[in-house]
Each structure stands twice: as C-alpha cells, then as structure tokens.
Trainee: 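What follows is a structure written as structure tokens; I'll ask about it next.
Values reported hereafter were calculated over all heavy atoms of this structure, with side chains retained and with hydrogens, waters and symmetry mates removed. Residue numbers begin at 1 in each chain, while the letters A, B, ... track the order of the sequences.
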Amino acid sequence: MTNRPDAPSAETLAASPGGAPAGTPDGAAERRSWLRDHSELGVCVLLLALGVLVLTDVLTMDVDIAQRGPVGPRTVPLVVGAGLLAVAVLLAVDVLRGGRGEAESGEDVDLSEPADWRTVLLLAGVFLATAVLIEPLGFPVAGALLFWGAAFALGSRHHDRDPLIAAVLSFLTYAVFDKLLGVPLPGGPLMGVL
Amino acid sequence: MDALSSLLDGFATALTPVNLLWAVLGVLLGTAIGVLPGIGPAMAVALLLPVTYGLEPTGAFIMFAGIYYGAMFGGSTTSILLNTPGESAAVVAAMEGNPMAKAGRGAQALAAAAVGHFAGGMIGTILLVALAPAVADLAVDIGAPDYFAIMVLAFIAVTSVLGASRIRGLASLLIGLTLGLVGLDQMTGQQRLTFGSLQLADGVDVVIVAVGLFAIGEALWVAAHLRRTSGRPIPVGRPWLDRGDVRRTWKSWLRGPFIGFPFGAIPAGGAEIPTFLSYVTEKRLSKHKDEWGKGAIEGVAGPESAASASAAGTLVSMLTLGLPTTAVAAVMLAAFQQYGIQPGPLLFEREPDLVWGLIASLFVGMVLLLALNLPLAPLWAKLLRIPRPYLYAGILFFAAVGAYAVGGEVVDLVILLFIGLIGFGMRRYGLPVLPAVIGVILGPNAEQQLRRALQISDGSVTGLVDTPFSVTVYVVVLLILAWPLLKRFTGRGRAGRAGSGGVGGSGE
C-alpha cells in the first residue's frame, strides 16, 4: 500500500539507467532528456540536504547551558529542519506529477534561448576576483575592474569607453561613501599616492 | 485633531533643507529606477541599505519612500512606451497605455498615468494619515503572542497569496528561515549552524541576503538570458491632456485609490491585484467600450491611481504593525532593524518625528514627482536606451559596495555571491524570492516573540491564542489557507492572474 503511489516513478528511475544497456545511445539520450525534464528534482535534493544539515546541527547541539523558558534554542530549528524535509518530498511529488516552476520573466529576459552559462560563470569569476583584489588594490581600482569586467562579460566591447566609465563610477562611489557618508572603504595604494 | 498637528510637525521635519534634499534624491532615483528595466524598487532600496550606516534614520526613510513612489511613476513610463512591464504593478498600464502610444497618443497616456499616480498617492496618503494613528492606538497594547500571530500571517500570506505555487513559496520561506537561524541564539547565546566559524557566529547580515537575492540573483539571471535585441521605445512628446481627456478620466483617478489602498494594506501582493481590479471596474463603467484594448485612457488613469494608493496602504501595515506586505516594505523593515527601531504600534509614540516626517515627506514627494514627470517624461524615456551591459554591471558593482560596506569583510562578498547563486537558482525554478527575504527579516524576531509568549504562559500553547487580537489574526490565516478550497467551490479560476509566477523578484 505504501509503496504503491511512488512505484511507477521509482521504476522509471531504475529502468532508465539499468533497463537500457549502457552505451546504447538511445537509452542514454532518453535518460538525459528525462533528467533534463526533471532537473527541478535537484532543488528537492538541495532542500533535503539543507533539512538534514539543520537537523544534524540541532541534534549535535549542546543545550545544557541555562535554558530560559520552556522553548529552548532547539525547537525552532527542529521545526524548520522538519519543514525542509517535508517540502522537499512534497516538491518532488509535484515535479514527478508534472508540476514545473515557472522561470522568472522580465523586461530584458528572453526565455526562448537556452541559458548562457559562459556569461554567468564569467560574472561569478569577475566577482570573486574583486573579492580577492579589494584589499591589496583598494576599492577604487578593484571596483573599476569589477565594472569593466562585468560589462565585458555581458558583451560590451567599447575598449575606450568601458574602462573610463568604470574608473569614474568607482572613484565617485568611493568618494561618496568614504568621504560623504562616512562608510569606510579601503583606498589602497592608489589613494595613498593621490 | 491630534493627527493634524502631528502632521504639521512632520512638515516642519520634512521641509528642512537636508530632508528636502533626501526627498528630491529619492524621487529622482525612484523615477530612474522605475523607468530602467531590470531593476525594481525593492532591489534599489536593498542596494541603498548601506547608507543606513552613515545617515540618520529620518533622511534615509524619506529617501526610501521617495524611491517607492517614484518607481511607481517611472514604471508606467516603461510600460506605455516599451510594452515590457517588468514590475507587476505596471502590467496593467501597458494594456491600454501601449496601444495609446502606438496610436500617437503616448503623451496623453503618460499624463493620465502621472496625474493618476499623483491623485492615488495623495488620496492614499490622506487615508494613511487618517487611519494609521487609529490602527496604532488599537494595537498599542499588543504583546508577544500578537506579534507572533502577525508574523505567522506575514509568512502564510507571502507564501500563499503571491506566486503560482504554494509549495514553492513555502520552500523559499524555509530557505529564508534557515538563513535567519545562522548565528548565536538571541536568548541563550547558543551557536546554531555556525560550524564553529567566528564569521558565521554574527549571523548572515540581512543586507547581504537582500542584496544577494534581489540584486546579484537578478543580475545573474538576466545575464543568462539577456535579450540581445531590446525593443525600441516609442518616441513621445511632452505629456498633456485636453479638456475631453480630463472629463473622461477624473472619475477614474478618484476611484482608483479606494481600490488600491485597502489591497496595499493587506498582505495580498501589493499593487498587482488592485491595478487589475481597477482596470476591470473602469472597463465596466466606461462609456467608450469600443476603445478598450485599442487605447482607452481610463484604463491607464484608474489602475495607475490604484497602484500609488496601494503603496500608501502598504505603509499603514508596515508602520503600525510591522507587517510587510510587499518586497519594498520588507526591505524597508530591514532598514528599520538596522537602526534598531521596531516598527509597530509603539512607533508613533516613540519616534513621532521620524514617522510624521516620513508621512509629510510623502506629500512633498508626490508634488515633486508630478513636477518632475509631467514636463520631463521624454527625458526620462531616454534612460531606456542605456546599454544593458552597463546596467547590469552597475547592479553588480553597487551590490559589491553594499555588501562590503556592511563590515569591511572580504568574506561577506563571497557569502553575497553564494546567496546570489541561490537567488539565481530560485528564479530558474520558479521559487519566489520574497518569502525568503521575509523569512530572514522576520524569522529571528518571530522566534523571539514565540519564546517570550510561551515563557509568559509557562509553556502552554494556549498562551499563543489568549488575546482577541491574536485569535482574529489566526482566523485570517485560516481563511487564507482555506482560500483555494473556497475558490474551487465558487468555481473561479486563476486565469486572471496567470503568468504572475515570478512576482517578488525585482519587487512590485
């Protein structure tokens, strides 16, 4: 009785990898397209993992320190962790039944084209590089590199205009935050020279 | 009239040169943000949260409110001239406004929208002045169980009313609550989800979560799907209305606020539903039914007026109860937390200068916006030509500034990128962003109120429902939860709201 509802899906899962002999292009392609169609299951896996993480943290918690009130520091994480597990399962059921999350649309978003992963990775790389460079180079330089790099990754190829805009924007922002608003940003060697 | 004299004091605060400057800056930024594609008021306020480190609260909130109202004004310009509304509040404006622009009546459409926003904002703010102190008085002695009930309402409303899928909304909320758990437990100092890291013991700053989900997530998402050929805005002259237009629209302007304001005050998704309702109402009442779909001016005037009034309604709930009903309100609530101010019934007693200065600045802002938008609309429309690489590079740039300014820590930039990637994944799989943000902002607070309430009742769960206020709120929660069942019985589909799955991304 209990394994009845999810029996077909479990079968599909097992059948696609095992049923078709490995190496058959048909079976592999079929499995790949099934996985692509159901890539949202990855979200369920992540939610499940997050839930397990939260619950593990709760269970390994040392709570002999003075607990004030009937509800200690474990109760809410316990509820959240259990909720995550439940949502992961419910979402998986929804996805296997054919439910799909709608990808978000927007003014500049064209969903008819496949995702451009190169740009996303480049942007993430540029951003991480900025994180590394902000302390040795200072904000004005690292910020300018971030803007220029991001604009380049997004397809801007004006090699005269881009760095100029980046430098002006970065320097002005530094001046406004550091001098006007009193939010300190590292000046770096360049500001030391100026 | 107590409220009236407080309001006059508020004007004294709002009209000081410094605060006037913040109001001007706010409405300028807001209009620009509304016009610019891909960047909504919630993201804008999130990106500006770092100014709270250097600015006194009154000025900051005057600026934030200017951005909120300004983005409403600017958003309709994009809808009318480009027909690609990015903010859900502006969807309806495109339905009649864009055909008008195509037929060479863009100037009239812009004017009808601008005056509509002005009328809606004014009437909405007057209602705010009349109602907010009364609501605050009613709620003034609410305690821990009531606060907890309000937060439960916020959680349920944000996951159930917004977006297309409840389960995805709930997943998003739980992600937010989990992020909110990271750090030291406020009551016992117990480390939770810190994995022994000192950095994480302070918790993940709300600014970083909001900027990561709204700004980085959005920029990466757009980058992955950037439209290479963006539409061309329809050129337009200076907005104006002739006598016939005014005769057709004045009633629509006045009707809109009474639809928009109540919907703004309840957690029902901000301006999206009231603008649509106003559109339907105007269509039914119109004497020019043949023009609908081809550019009926009432279809611009009414909904735009409703949109601005809903912003005023949102402020009622946010200021008097601490209940955020839209993404912008949620981020503004985070700003209040940055200052250590708790919005709620006591706000009017404890921070009268701030609240009334803020409310008075709304009136000032509306006048400024009308003056800026009527003559300058063609100029604002030029913003639509900004090269997209600069726009999204700029968003990443300011996101980095904001996250770094939080504590001057490099690790914050890495956390920011990580949360941005979560935001990217959420957009890809249709998990709305707003529940996560509300979860982070309200989660820790809700836990504290829950524990306080149970401490008072000595662990008995009845302690959560022992006041009329909390019982009322839980009844509302149950109604929201039962709504899909009720709707099935009445047989009304959700066709009208189809395509609203991704609300809460760049905000409404």
Trainee: Against chain B, label A:Asp116 side chain, backbone, both or neither, depending on which of its atoms sit under 4.5 Å from a heavy atom there.
Mentor: both

Trainee: Within the 4.5 Å heavy-atom criterion, are A:Tyr174 and B:Val401 side-chain neighbours or not?
Mentor: no

Trainee: Identify which part of A:Glu135 has an atom lying under 4.5 Å from any heavy atom of chain B, answering side chain, backbone, both or neither.
Mentor: side chain

Trainee: Where does A:Thr56 contact chain B at under 4.5 Å (heavy atoms): side chain, backbone, both or neither?
Mentor: neither

Trainee: Rounded to the nearest 0.5 Å, how far does OH of B:Tyr404 lie from CD of B:Glu409?
Mentor: 8.0 Å

Trainee: Name the region of A:Ser156, side chain, backbone, both or neither, that has any atom closer than 4.5 Å to a heavy atom of chain B.
Mentor: both

Trainee: Look at A:Ser39, A:Gly143, A:Ala142 and state which one has the largest set of heavy-atom pairs under 4.5 Å with chain B.
Mentor: A:Ser39

Trainee: Could you check which of B:Leu417, B:Val222, B:Leu177, B:Leu220 has the highest count of heavy-atom pairs closer than 4.5 Å to chain A?
Mentor: B:Leu417

Trainee: Does any heavy atom of chain B fall under 4.5 Å from the side chain of A:Leu47, the backbone, both, or neither of them?
Mentor: side chain

Trainee: If you tally heavy-atom pairs under 4.5 Å against chain B, which of A:Leu46, A:Val176, A:Leu169, A:Leu90 wins?
Mentor: A:Leu169

Trainee: Between A:Val93 and chain B, which part of the residue has a heavy atom less than 4.5 Å away: side chain, backbone, both or neither?
Mentor: neither

Trainee: Among A:Thr119, A:Val79, A:Leu91, A:Ile165, which residue forms the greatest number of heavy-atom pairs with chain B at distances under 4.5 Å?
Mentor: A:Leu91

Trainee: Which residue out of B:Ala400, B:Gly408, B:Ala399, B:Gly420 racks up the most heavy-atom pairs below 4.5 Å with chain A?
Mentor: B:Ala400

Trainee: Counting heavy-atom pairs under 4.5 Å with chain B, which one of A:Gly155, A:Ala150, A:Ala151 comes out on top?
Mentor: A:Ala151

Trainee: Side chain of B:Thr78, backbone of B:Val35: donor and acceptor closer than 3.5 Å?
Mentor: yes

Trainee: Could you state the interatomic distance from CH2 (A:Trp148) to NE2 (A:His159), rounded to the nearest 0.5 Å?
Mentor: 8.0 Å

Trainee: For B:Leu450, which atoms come within 4.5 Å of any heavy atom of chain A: side chain, backbone, both, or neither?
Mentor: side chain

Trainee: Is the shortest side-chain heavy-atom distance between B:Glu218 and B:Ile216 below 4.5 Å?
Mentor: no

Trainee: Taking the six-membered ring of B:Tyr429 (Phe, Tyr or Trp), confirm whether the NZ or CZ of B:Arg168 is under 6.0 Å from its centre and within 45° of its axis.
Mentor: no

Trainee: State, with a plain yes or no, whether a side-chain heavy atom of B:Arg192 is found less than 4.5 Å away from one of A:Val54.
Mentor: no

Trainee: Which atoms of A:Phe139 are under 4.5 Å from chain B, going by heavy atoms: the side chain, the backbone, both sets, or neither?
Mentor: side chain

Trainee: Would you say B:Pro387 and A:Arg161 make side-chain contact, with heavy atoms under 4.5 Å?
Mentor: yes

Trainee: Counting heavy-atom pairs closer than 4.5 Å to chain A, which one of B:Leu55, B:Leu173, B:Leu193 comes out on top?
Mentor: B:Leu193

Trainee: Do other residues, nucleotides or ligands put more than 12 heavy atoms under 6.0 Å from A:Arg157 CZ?
Mentor: yes

Trainee: Side chain, backbone, both or neither: which part of A:Leu50 has an atom under 4.5 Å from a heavy atom of chain B?
Mentor: side chain

Trainee: One thing to verify: whether B:Arg451 and B:Asp185 come together as a salt bridge, which I'm taking to mean a side-chain N less than 4.0 angstrom from a carboxylate O.
Mentor: yes

Trainee: Please rank B:Ile175, B:Leu396, B:Leu431 by heavy-atom pairs under 4.5 Å with chain A and give me the top one.
Mentor: B:Leu396

Trainee: Below 4.5 Å from any heavy atom of chain A, which atoms of B:Leu181 appear? Answer side chain, backbone, both or neither.
Mentor: side chain

Trainee: Taking the side chain as every heavy atom from C-beta outward, state whether A:Phe177 and A:Leu172 have any pair of such atoms under 4.5 Å apart.
Mentor: no

Trainee: Please tabulate, for the side chains in residues 120-134 of chain A, all donor-acceptor contacts under 3.5 angstrom to protein atoms that are two or more places apart in sequence or on a different chain.
Mentor:
from: A:Thr130; atom 1: OG1; to: A:Val126; atom 2: O; distance (Å): 2.8

Trainee: Based on non-hydrogen pairs under 4.5 Å, which of B:Trp221, B:Tyr392, B:Phe424, B:Phe195 is most in contact with chain A?
Mentor: B:Trp221

Trainee: Using non-hydrogen atoms and a 4.5 Å limit, figure out which bit of A:Arg118 sits close to chain B: side chain, backbone, both or neither.
Mentor: neither

Trainee: Would you check if A:Leu84 and A:Leu48 make a side-chain contact, meaning some heavy-atom pair closer than 4.5 Å?
Mentor: no

Trainee: Between A:Gly83, A:Gly42, A:Pro77, who has the most heavy-atom pairs with chain B when the cutoff is under 4.5 Å?
Mentor: A:Pro77

